[in-house]
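Atoms within each ligand, like the ligands themselves, are counted from 1 in listed order. Just so it is clear, the values below take in all heavy atoms, side chains as well, and ignore hydrogens, waters and symmetry mates.
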Amino acid sequence: MITLALAKGRTAKDTFRLLEKAKIHFPDFHEKSRKLVFYNENQTIKLIFVKAVDVTTYVEKGAADIGIVGKDNILEAQADIYELLDLNIGKCKFAVASLEDNSISYTSPLTVATKYPNVAQTFFNRKGITIDAIKLNGSVELAPLIGMADVIVDIVETGSTLKENGLSTIEDIEEISTRLVVNKASFATKTSQIQQFITQIKSVLE
Ligand code: PRP
């Protein structure tokens, strides 16, 4: 049996749709269920349903062989795992945003509010800009409005959260989408099961 860690949240529905299309069914799963563990029909796959930020931890530790999670969490986690497939769902981007200005001359040190401090550090380090990263767990857009940060680094999908809070993108950082990741040891010991799973998914990707 292989264990698959799947991220709860906004991309879960699309991921289940993709699995169904690939003929990987979890008969017990329904959206309102509070269950966290599901099995496919022939009991060859155990699915654990976990917080998106934790998927890479389960995979790196070997508690899950495969993970399905956003590139945002993969970049932030810096985990020692393989990223093998882009599932082409959950598309959005990382961006730097601030109060309507569009100025690209950053002050240094720059105060950056973000759910992704590692991503922010890496991006600004490459530019030679020193930052003071303030880690928040949500509603990051608030930080520049109340004078707590100069800019934010966050994911932007439709752009409406930025717009409704009077912020705008200064710079794009990176494209994001949902990816399939694999534990390194599992890839060596469960190669055929993992390859088969990936082949099934690949066959239905658009
Ligand atoms: C995410 C992200 C932005 C928003 C972007 O937050 O952090 O705030 O979605 O989406 P948009 O461009 O379509 O407006 P999420 O909804 O996960 O909530 P959070 O702020 O509580 O983290």
Side-chain angles (χ1 to χ4, degrees), residues 5-19 29 31-34 36 47-59 64 67-79 83 86-104 106 110-127 129 131-181 206:
L6 198 146
K8 284 181 181 179
R10 52 166 85 187
T11 57
K13 216 170 165 184
D14 285 345
T15 306
F16 271 104
R17 206 171 291 142
L18 187 70
L19 292 171
F29 177 80
E31 264 178 65
K32 300 228 164 75
S33 173
R34 300 290 299 161
L36 299 171
L47 184 148
I48 56 173
F49 206 31
V50 303
K51 282 201 82 155
V53 290
D54 293 332
V55 170
T56 54
T57 306
Y58 284 91
V59 174
I68 293 183
V69 67
K71 181 73 177 175
D72 54 331
N73 288 305
I74 297 170
L75 287 169
E76 181 61 21
Q78 302 175 336
E83 182 190 317
D86 186 344
L87 302 185
N88 287 325
I89 52 179
K91 287 188 178 181
C92 50
K93 64 186 180 183
F94 265 133
V96 184
S98 74
L99 284 166
E100 223 96 43
D101 177 14
N102 292 328
S103 139
I104 214 161
Y106 299 114
L110 186 74
T111 309
V112 184
T114 183
K115 284 189 272 188
Y116 306 91
N118 290 331
V119 171
Q121 283 289 1
T122 305
F123 178 72
F124 284 108
N125 277 354
R126 275 195 203 126
K127 289 176 170 289
I129 294 167
I131 69 162
D132 173 18
I134 301 177
K135 164 85 200 260
L136 295 175
N137 293 301
S139 306
V140 174
E141 291 81 2
L142 198 54
L145 302 185
I146 58 169
M148 191 165 78
D150 301 314
V151 299
I152 62 168
V153 165
D154 201 9
I155 51 174
V156 180
E157 191 182 357
T158 60
S160 54
T161 312
L162 289 183
K163 200 169 170 216
E164 287 185 31
N165 290 290
L167 303 176
S168 57
T169 300
I170 298 180
E171 220 180 328
D172 290 345
I173 299 179
E174 183 153 355
E175 300 290 325
I176 291 168
S177 58
T178 302
R179 309 291 164 95
L180 185 143
V181 293
E206 281 153 21

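Ionic pairing of Glu76 and Lys71 is not present here: no N-O contact between side-chain nitrogen and carboxylate oxygen is shorter than 4.0 angstrom.
Annotation: ligand 1 has protein neighbours Arg10, Lys115, Gly138, Ser139, Glu141, Asp154, Ile155, Val156, Glu157, Thr158, Gly159, Ser160, Thr161, each with a heavy atom less than 4.0 angstrom from the ligand.
Looking only at distances, no side-chain donor or acceptor of Ser98 sits under 3.5 Å from a matching main-chain atom of Val151.
Checked against the 6.0 Å centroid criterion, the rings of Phe124 and Tyr106 qualify as a close aromatic pair.
Within 6.0 Å of OH in Tyr58 there are 12 or fewer heavy atoms belonging to other residues, nucleotides or ligands. Counted within 6.0 Å of NZ on Lys127, heavy atoms from surrounding residues, nucleotides or ligands total more than 12; the atom is thus considered enclosed.
Aromatic ring orientation, Phe29 versus Phe49: perpendicular (interplanar angle above 60°, classes split at 30° and 60°).
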